[in-house]
Amino acid sequence: KSEVFLKTFNEIASNFSEIFSEISPDGTAQLLLETEGNPFDGGIIVDAKPLGKNVKTAVSLSGGEKAITALSLIFAIQRYKPSPFYILDEVDANLDDSNVERTADMIKRQAEKTQFIVITLREGMMSRAERLFGVSMYKKGLSSMVALEVEKVVKQEEALA
Amino acid sequence: KSEVFLKTFNEIASNFSEIFSEISPDGTAQLLLETEGNPFDGGIIVDAKPLGKNVKTAVSLSGGEKAITALSLIFAIQRYKPSPFYILDEVDANLDDSNVERTADMIKRQAEKTQFIVITLREGMMSRAERLFGVSMYKKGLSSMVALEVEKVVKQEEALA
Amino acid sequence: VFIEKVTMKGFKSYGNKTLTLPLSKGFTCIVGPNGSGKSNITDAICFVVGRISAKSMRGERLSDLIFNGTEDEKKAEEAIVSITFNNEDGGFPIEEKKVTISRAVNSKGEGEYRVNGKRATRSYVLDIFSYVGIRPDGHNIVMQGDIAHFINMNPVDRRGIIEEIS
Amino acid sequence: VFIEKVTMKGFKSYGNKTLTLPLSKGFTCIVGPNGSGKSNITDAICFVVGRISAKSMRGERLSDLIFNGTEDEKKAEEAIVSITFNNEDGGFPIEEKKVTISRAVNSKGEGEYRVNGKRATRSYVLDIFSYVGIRPDGHNIVMQGDIAHFINMNPVDRRGIIEEIS
Ligand SMILES: Nc1ncnc2c1ncn2[C@@H]1O[C@H](COP(=O)(O)OP(=O)(O)OP(=O)(O)O)[C@@H](O)[C@H]1O
Ligand SMILES: Nc1ncnc2c1ncn2[C@@H]1O[C@H](COP(=O)(O)OP(=O)(O)OP(=O)(O)O)[C@@H](O)[C@H]1O
Ligand SMILES: [Mg+2]
Ligand SMILES: [Mg+2]
């Protein structure tokens, strides 16, 4: 039992470090087991050092750094054993524009193997999607959905900016 | 004691309704006392109906609608009795682009009387500021600050978009 | 296996008509103004994969998931959501190439599940989902505002996520 | 009364040098990449207005507010933040046109407050702040991620905010 766990853990941990460095340039991160001996005696620690900082614990990461680290963990698990679909609801809300773009590029790559449905308000994310759906409420209190063309929406966003 | 409270409450409640309708077009909102008799027997309820919807309770508002409603409350209090300064840290993270712009316009108006310091990642907010400060970490782990020109940053953001 | 479409009738803000969101493999974004109904789609999917707590779908009781009417439209009697999965890879232990799983709830909070039209128990539905690694509280669904949760959770809970996978 | 400048030395990511953020009335935005140190400025201001709980400034102990060093810079011994307020409107019950309030903490968690350079007790500082309606947990400071708090809080607590004002 602990052998199977350790094999899974090591694969995911190595994915995690790789993906984190891709999304967060200059940064390094690792997953560590709390206890050396039996892994089930303790938990798993996330040790992320964005921009090569000397961060004490994951708690002292900034809002955006936490989101990037969490996304790296999700993608690391997905690379090891993908779920049939992923739904990410405004996971980019605390990201600066370049982190939105890097995350969107990563999702695009991961989406070659698995279905990603991402709810977003950020132009850097929607402009990299293969398909777009618009939700609106032109009648009070009633939602409706319509397929959108990526180029059209992106042009509109730029015109707004 | 309850007279003073009621006078304050009524002024803030009327500000709140006015400001909410300015930020959230077609929407209406009110502050209500839980108990009709002695206000100290109960609390204050926020009844917001964005886009004229039939929303049951504030809990069923969306993420962005909650932020807009909360900001309207802060501005309503500020109009009645301004604090010397306001610090708002990424309060626009869940807002769509037009709500960011309407909120920024409101802050600009309120800032004629009071100091507003707003931390943001959104272009619609920073482009309306009178002054901009950039924080960066070009040396690993060390923050530094520099005054920026609004026009320059906005041009850069647009170029990125 | 992936989601081919999500169909909603009487679910939250999606009114009394039957509305369908066609999906495909790859990267799809859902966009729209604040309050337009985007996160209600996430809730609809959480509903079908078997979440029990109304709170985790932003309601107080399960009947809060039912469309509660507007000025022009009356309330719905029940909410029904169905998800059609593409099963060409045989991930689900079912012959058919398409598997439709649906769930309904009425104003008394009574619900039912159906697999390809036939009534099924919740445990049967959860069992089918487990073949492809779908769980009601799986890490593959991140609700609005929850992303930092993976970092703020305690180390033992985090180990639990990896154990679930192995 | 408004903030004319915030000066930090040895506070969180702001290193051992003394760094000053000049501010003026009106609308100022603070921008920059994730993790660059924006919210640390909010924490610095919360520190001076008298917050006691380290957790509300994203630390476990008060000594976590002290710069903990990088590859090239050593740790700081103490963190000092001072805020210079413009007092031309006489909001503070102090003669001077400028009032500087500062707070320091050392690695043992021992702290001190100063008003225009003279040592002062925390209760004296809180008393001065109360003349202009500044409180350690005032509704005028909204930390990252907290905006929806005003809507999610219970009705009685919300009444408390209005009571504080009247
Ligand atoms: N049972 C229901 N019947 C009708 N409308 C409902 C019901 N439950 C919730 N709603 C409405 O759905 C709206 C919220 O939708 P949702 O949270 O999906 O918005 P959103 O598009 O995600 O917005 P945001 O961008 O702000 O997150 C609310 O305004 C609420 O009034
Ligand atoms: N005592 C300390 N000494 C040195 N650095 C610290 C200290 N405490 C926190 N930090 C660093 O400050 C950084 C976080 O800064 P902050 O939260 O202000 O970022 P931010 O600009 O608000 O980012 P975001 O846009 O993601 O919210 C962390 O990376 C953390 O390592
Ligand atoms: Mg939403
Ligand atoms: Mg921050």
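Sequence lines set the chain letters: A, B, ... in the order given, protein chains first and strands last, and positions in each chain run from 1. On a predicted model such as this, the values are computed, not experimentally measured, just so you know.
Heavy-atom distances place the side chain of A:Y80, and not its backbone, under 4.5 Å from chain C. Using a 4.5 Å cut-off between heavy atoms, C:M153 does not touch chain A at all. Contacts between A:L33 and chain C at a heavy-atom distance below 4.5 Å are absent for every atom of the residue. With a 4.5 angstrom heavy-atom cutoff, A:L142 touches chain C via backbone and side-chain atoms both. Using a 4.5 Å cut-off between heavy atoms, A:A93 does not touch chain C at all. Using a 4.5 Å cut-off between heavy atoms, A:I77 contacts chain C through its side chain alone, with no backbone atom that close. Proximity to chain C is limited to the side chain of A:E90, based on heavy atoms less than 4.5 angstrom apart. Heavy atoms of A:K7 lying under 4.5 Å from chain C are absent altogether. The part of C:N34 that comes within reach of chain A is its side chain, from C-beta onward, which places non-hydrogen atoms under 4.5 angstrom from that chain. For C:T20, the part sitting under 4.5 Å from any heavy atom of chain A is the backbone (N, CA, C, O) and nothing else.
A:K108 has no carboxylate O lying under 4.0 Å from a charged side-chain N of A:D105, or vice versa, which leaves the two without a salt bridge. By the 4.0 Å N-to-carboxylate-O rule, C:R103 lies too far from C:E112 to be salt-bridged with it. Under a 4.0 Å N-O distance rule, the pair C:D72/A:K139 does not qualify as a salt bridge.
Note on C:G35, C:S24, C:G145: by heavy-atom pairs under 4.5 Å with chain A, the leading option is C:S24. Counting heavy-atom pairs under 4.5 Å between each of C:C46, C:S39, C:P33 and chain A puts C:S39 at the top. The candidate from C:V132, C:I165, C:V156 with the greatest count of non-hydrogen atom pairs under 4.5 Å with chain A is C:I165. When each of C:L19, C:L21, C:V1 is checked for heavy-atom pairs under 4.5 Å with chain A, C:L21 comes out on top. Counting heavy-atom pairs under 4.5 Å between each of C:G91, C:S166, C:G133, C:C29 and chain A puts C:C29 at the top. With chain C as the partner, the residue from A:L73, A:I74, A:V4 showing the most heavy-atom pairs under 4.5 Å is A:I74. Looking only at heavy-atom pairs under 4.5 Å with chain A, the residue among C:G32, C:G37, C:S13 that has the most is C:S13.
For C:K74 and C:F67, the positive end is not near the middle of the six-membered ring at less than 6.0 Å and at most 45° from its axis.
Residues A:V118 and C:I30 form no side-chain contact, since every pair of their non-hydrogen atoms from C-beta on lies 4.5 Å or further apart.
Of the listed residues (A:D96, A:D97, A:D92), just one forms a salt bridge (Lys or Arg N to Asp or Glu O under 4.0 Å) with A:R122, and that residue is A:D97.
Using modelled atom types and a 3.5 Å distance limit, the side chains of C:E73 and C:N16 yield a donor-acceptor pair. Residues C:N140 and C:R135 have side chains that never bring a donor and an acceptor to within less than 3.5 angstrom of each other. No hydrogens or angles considered: a donor-acceptor pair under 3.5 Å links the side chains of A:T114 and A:Q78.
Ring geometry for A:F9 versus A:F5: interplanar angle under 30°, hence parallel rather than tilted (30 to 60°). Using cut-offs of 30° and 60° for the angle between ring planes, the A:F85 and C:F85 rings count as tilted.
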